[in-house]
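See structure below.
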Amino acid sequence: MTAKIRTIFMGTPEFAVPGLQALLKSPDFEIVGVYTQPDKPVGRKMILTPPPIKTAALTKGLPIFQPEKINAEADNIRSLKPDLIVVIAYGKIIPQTILDIPQYGCVNVHASLLPKYRGASCLAAPILNGDEESGVTIMKMDAGMDTGDIIKQAGVKLSAKETLSSLHDRLSALGAEILADTLKEYINGTINPQKQDESQASYVPLIKKEDGRLQVNLSAAELERRIRAYNPWPGAFLLLNNGEKIKVLEADTEISANTRKIGEIYTKNGQLALNCGQDILFILKLQRENRKAMNASDFLKGNQDILNLNAI
RNA sequence: CGCGGGAUAGAGCAGUUGGCAGCUCGCCAGGCCCAUAACCUGGAGGUCGUCGGUUCGAAUCCGACUCCCGCAA
């Protein structure tokens, strides 16, 4: 490679920031434009807030574009004369007309080991399913949803305490770590992208708020996985029979058959316990509405009344 | 001005017709027991978020401010 690779970066949330920084650090890439979603009102005061990628790009003085619709951007993108477009969690489908513009096409970083977990909730899915590993896939984008040819993959082992948050950070960093080198190998022709095995493909849908509801008829193990997979968003919560919602931030399980009712809340050996459809869920860390998050042991000191309630 | 909750002992919480500041746990000292997340006795620890106002008197009523949080996005 003699000249720098003219690159457009498209991304929006925190997940994409390390990737952008990795390309900025590499001497082989020149970021000629950054596409990100428009600022949105966010937070308690509904303050118009720029996406993390915009904030990162601003500090480097990069040209930023925040169109509502990417479809109409073909002319602008052409004028930037990109050799390559790198897309990490941009948040919009990129049309074929744009995919075709750069000579090296568009390359995407996806946070799963494709073809498994195509789609939106690829970070939560392996935790929900109790998988032992996940990873990132760098692929050449095509018009489908995460169906492009695979350039490179890297895996990570999931720990028994993996949360959406921890996996997000690990995969975000991992993707950024291999990004620059992988792109260079791809452009040099050292790597030949491989088609995905369609027979192994699976799709995961967008997580909805209501998915965070812990349904007590499920097994303790399943609930515990949900607590990790939905932490911090959308958050796993118990609905009590007084109408109150209690967020459960951390829990443990105990295999135990007993005669208590499903949904019963009690203490066992000083721990806050919930009887589930199967086995017992020990709630270790929780958050009552309008309160701070706290350990269950602290919570019990001033909230013994919860023992008269049930989860429904 | 998107809606709403909160700030009281190390922790978690009570505490409005304004009138000496409480509970549970923890902590310290001692006791009891083969033993215990057990129990008993005693003790330390708070200018009740900040500033101002009303009052004989304010954690409590009024005003301003700071910080924290839930919903919603």
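Quick note: numbers below take in every heavy atom, side chains included, and nothing from hydrogens, waters or symmetry partners.
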Whole angstrom is fine here: how far is it from [atom1] in [X] over to [atom2] in [N]?
X: Met294(A); N: G26(B); atom1: CE; atom2: P; result: 18 Å
X: Arg213(A); N: C71(B); atom1: CZ; atom2: P; result: 16 Å
X: Arg288(A); N: C71(B); atom1: CZ; atom2: C1'; result: 17 Å
X: Gln287(A); N: G5(B); atom1: CD; atom2: P; result: 17 Å
X: Tyr266(A); N: A37(B); atom1: OH; atom2: C1'; result: 16 Å
X: Lys45(A); N: C1(B); atom1: NZ; atom2: P; result: 14 Å
X: Lys247(A); N: G5(B); atom1: NZ; atom2: C1'; result: 14 Å
X: Asn295(A); N: G10(B); atom1: CG; atom2: C1'; result: 14 Å

- Message: Using a strict heavy-atom distance below 4.0 Å, which residues from residues 302-312 of chain A are in contact with RNA chain B?
- Response: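 Within this stretch, Gly302(A), Asn303(A) sit under 4.0 Å of the strand.
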- Message: Tell me which residues in residues 233-244 of chain A lie within less than 4.0 Å of RNA chain B, going by non-hydrogen atoms.
- Response: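 Contacts with RNA chain B under 4.0 Å: none.
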- Can you tell me which residue pairs pass the ring pair (Phe, Tyr, Trp, His ring centres under 6.0 Å) test with a partner in residues 52-79 of chain A, sequence neighbours excluded?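 Sorted pair list: Tyr35(A)-Phe65(A).
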So if I take every side-chain heavy atom of [X] and compare against [options], which nucleotide ends up nearest?
X: Lys292(A); options: C3(B), G12(B), C68(B); result: C68(B)
X: Arg291(A); options: A14(B), G12(B), C69(B); result: A14(B)
X: Lys301(A); options: A37(B), G10(B), G5(B); result: G10(B)

- Message: Between Ser199(A) and Asp197(A), is there a side-chain donor-acceptor contact under 3.5 Å, judged purely by atom types and distance?
- Response: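 Judged by distance alone, the side chains do pair up.
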- Message: Over all strands shown, is Lys209(A) touching base, sugar-phosphate only, or nothing at heavy-atom distances under 4.0 angstrom?
- Response: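 Sugar-phosphate only.
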- Message: Heavy atoms only, 4.0 Å cut-off, all strands: where does Met46(A) land among base, sugar-phosphate and nothing?
- Response: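 Here Met46(A) touches the bases of the nucleic acid.
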- In Watson-Crick or G-U wobble terms, both distances under 3.5 Å, what is the partner of G30(B)?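 Pair assignment: G30(B) / C40(B).
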- So does Glu210(A) pair up with Lys245(A), basic N to acidic O under 4.0 Å?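 No, Glu210(A) and Lys245(A) are not salt-bridged.
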- Task: In plain terms, say whether Lys195(A) and Asp149(A) are close enough for a salt bridge, that is, a side-chain N and a carboxylate O under 4.0 Å apart.
- Result: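 Looking at Lys195(A) and Asp149(A), the cut-off is met.
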- Message: Assuming nearest nucleotide by heavy-atom distance, tell me which of Arg44(A) and Ala293(A) is located more 5' along RNA chain B.
- Response: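 Its nearest nucleotide lies further toward 5', so the answer is Arg44(A).
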